Amino acid sequence: MNGQLDRWERLLERQTAAAPYVLLVISTVLSLLIDGRSWLTVALVAVAAAWIRLVPRGAVYVAGLVVLIGVLCTRGLWFASFFGFTGYLHSWQYLKGTWRFAGVTATAAISVAAYNGGPPDPTPSAIFTYLFFTAAIVAVVGAFSFVGEITTERSAERKRMVAQLEKAMRENAGLHAQLLVQAREAGVLDERQRMAAEIHDTLAQGLTGIITQLQAAQQAEDWRRHTDNAVRLARESLAEARRSVHAVGPGQLEAAPLPEALREVVARWSEFNGVRADFTTTGTVRPMHPEVEETLLRTAQEALANAAKHAGASRVGLTLSYMEDVVTLDVRDDGAGFDPERVRDGGGFGLTSMGKRVSRLAGTLEIESEPGGGTAVSASVPAVARG
């Protein structure tokens with residue numbers, strides 16, 4: 001629709017530019033055919049055409065145009081009938097303020113005089129009639145010109161709005177492309193972080209357990225049990241790594257509810273590390289959203305792995321508490337303890353990973369520890385029910 005309007009506007013502009021020449025030709029042809037041939041008329045017409053074509057638009061141009069219209073009107077009435085309209089159009093188009101009405105009035109006065117055969121007689125009725133028709137023409141021309149000016153201004157405003165809209169669309173297209181790039185980069189970064197956390201929670205912990213079991217096999221008479229444990233850990237770690245690649249939840253949660261899965265994790269950890277570990281559940285057990293259960297399970301595995309690697313504890317206790325709005329996992333040990341601030345400043349990946357997992361669910365992770373005083377890890381996440 002906008003393209004069609006633009007074509008119409010360009011066509012109107014060409015017609016407006018050609019109108020003075022067309023009116024001049026019509027007036028000339030009718031004058032020569034009806035009033036007879038006159039080389040002076042032809043010469044004046046040529047001067048008028050050259051004036052319209054060559055003189056820069058402005059007050060001087062309009063004044064000369066009005067004079068030429070007046071001279072041509074003395075050569076034939078047809079110039080007042082047709083070419084006189086050029087004076088109205090160009091007076092309104094190229095003059096400003098009250099000068100517009102001066103140009104239109106001068107053109108109207110010349111045209112009315114030409115229709116009357118000359119200036120009005122010095123009688124009140126003739127003068128009144130002359131002034132009345134002149135004023136009527138000025139009023140009509142002014143009204144139509146004002147309407148045309150409003151239309152032109154609306155058209156210019158529409159063009160400005162279209163230009164602004166096109167600019168905004170170009171900016172939005174650039175912004176959209178930028179957002180796509182940022183979203184792609186954010187997705188890649190998020191996937192990298194997820195894979196890093198999964199590798200840490202599966203392969204790293206599994207390899208640590210394997211190393212621990214092999215070292216124990218070197219120093220114990222019952223080496224076969226430790227090597228069997230190492231083989232089992234390797235198989236489980238491989239299975240968990242494959243599940244992580246495909247973004248599938250932990251295998252323990254597929255086989256049993258969260259409390260049972262945690263109970264099995266605690267029992268096996270205790271068996272592998274030779275450390276007493278107790279597991280307790282409080283509150284009404286109910287199925288939680290898979291991400292909630294996976295976060296709590298991974299937090300428990302990381303806390304137990306840290307207790308095995310660093311704490312040297314003789315006893316560990318896990319408590320899973322179901323409350324109305326939150327589910328809380330508490331892991332406590334009586335080991336060597338540490339300074340949590342120094343560990344955070346040092347960028348420990350295990351604690352950072354736990355914190356990110358919990359905060360992703362709008363939960364909280366609290367760590368209380370001091371050298372020689374054991375460690376307590378508490379993770380609280382919203383109790384979002386399954387389904």
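These numbers were taken from a predicted model, which means no experiment stands behind them.
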Between [X] and [Y], which heavy-atom pair has the shortest distance, and what is it?
X: Thr328; Y: Ser378; value: CG2-OG, 3.7 Å
X: Arg286; Y: Met323; value: NH2-O, 2.5 Å
X: Pro382; Y: Val292; value: O-CG2, 3.8 Å
X: Ala307; Y: Trp269; value: CB-CZ2, 4.2 Å
X: Thr295; Y: Glu291; value: OG1-O, 2.8 Å
X: Val285; Y: Pro259; value: CG1-CG, 3.6 Å

[X]-[Y] co-clustered via ILVMFWY side chain contacts under 4.5 Å:
X: Phe101; Y: Tyr88; answer: yes
X: Val112; Y: Phe83; answer: no
X: Val327; Y: Val384; answer: yes
X: Leu89; Y: Leu72; answer: no
X: Val381; Y: Leu258; answer: yes

Is any side-chain heavy atom of [X] closer than 4.5 Å to a side-chain heavy atom of [Y]?
X: Phe79; Y: Ile110; value: no
X: Pro290; Y: Arg386; value: yes
X: Leu262; Y: Leu329; value: yes
X: Leu365; Y: Ser359; value: no
X: Met161; Y: Glu157; value: yes
X: Val316; Y: Leu304; value: yes

Hey, is CZ on Phe133 packed in by over 12 heavy atoms from elsewhere, all under 6.0 Å?
-> no
Considering residues, nucleotides and ligands other than Tyr21, do more than 12 of their heavy atoms fall under 6.0 Å from its OH?
-> yes
Report, one line per pair, each donor and acceptor closer than 3.5 Å where one atom sits in a side chain of residues 51-68; sequence neighbours left out.
{"residue": "Trp51", "atom": "NE1", "partner": "Tyr61", "partner atom": "O", "Å": "3.0"}
{"residue": "Arg57", "atom": "NH1", "partner": "Ile52", "partner atom": "O", "Å": "2.7"}
{"residue": "Arg57", "atom": "NH1", "partner": "Val55", "partner atom": "O", "Å": "3.1"}
{"residue": "Arg57", "atom": "NH2", "partner": "Ile52", "partner atom": "O", "Å": "2.9"}
{"residue": "Tyr61", "atom": "OH", "partner": "His90", "partner atom": "ND1", "Å": "2.6"}

Between [atom1] of [X] and [atom2] of [Y], what distance do you get to the nearest 0.5 Å?
X: Glu294; Y: Thr299; atom1: CD; atom2: OG1; value: 10.0 Å
X: Met354; Y: Ile367; atom1: CE; atom2: CD1; value: 5.0 Å
X: Arg75; Y: Thr28; atom1: CZ; atom2: OG1; value: 12.0 Å
X: Arg298; Y: Glu302; atom1: CZ; atom2: CD; value: 10.5 Å
X: Ser31; Y: Phe82; atom1: OG; atom2: CZ; value: 11.5 Å
X: Leu24; Y: Phe85; atom1: CG; atom2: CZ; value: 14.5 Å

Using only heavy-atom distances, determine whether the side chains of Thr319 and Thr280 contain a donor-acceptor pair under 3.5 Å.
-> no
Does a donor on one side chain sit under 3.5 Å from an acceptor on the other, for Tyr115 and Ser81?
-> yes
Is it the case that the side chain of [X] and the backbone of [Y] share a donor-acceptor pair, with hydrogens and angles ignored and the cut-off at 3.5 Å?
X: Ser270; Y: Val266; value: no
X: Glu293; Y: Met288; value: yes
X: Asp334; Y: Ser314; value: yes
X: Asp333; Y: Gly335; value: yes
X: Arg100; Y: Leu95; value: yes
X: Ser369; Y: Phe338; value: yes
X: Ser91; Y: Gly87; value: yes

Partner of Thr105 under side chain to side chain contact (heavy atoms under 4.5 Å, CB included), picked from Val141, Val138, Ile137, is Val138
Take Leu320 and Phe279, measure what side-chain contact (heavy atoms from CB on, under 4.5 Å) needs, and give me the verdict at the end.
-> CA-CA 8 Å; Leu320 179 65; Phe279 175 73; 4.0 Å; yes
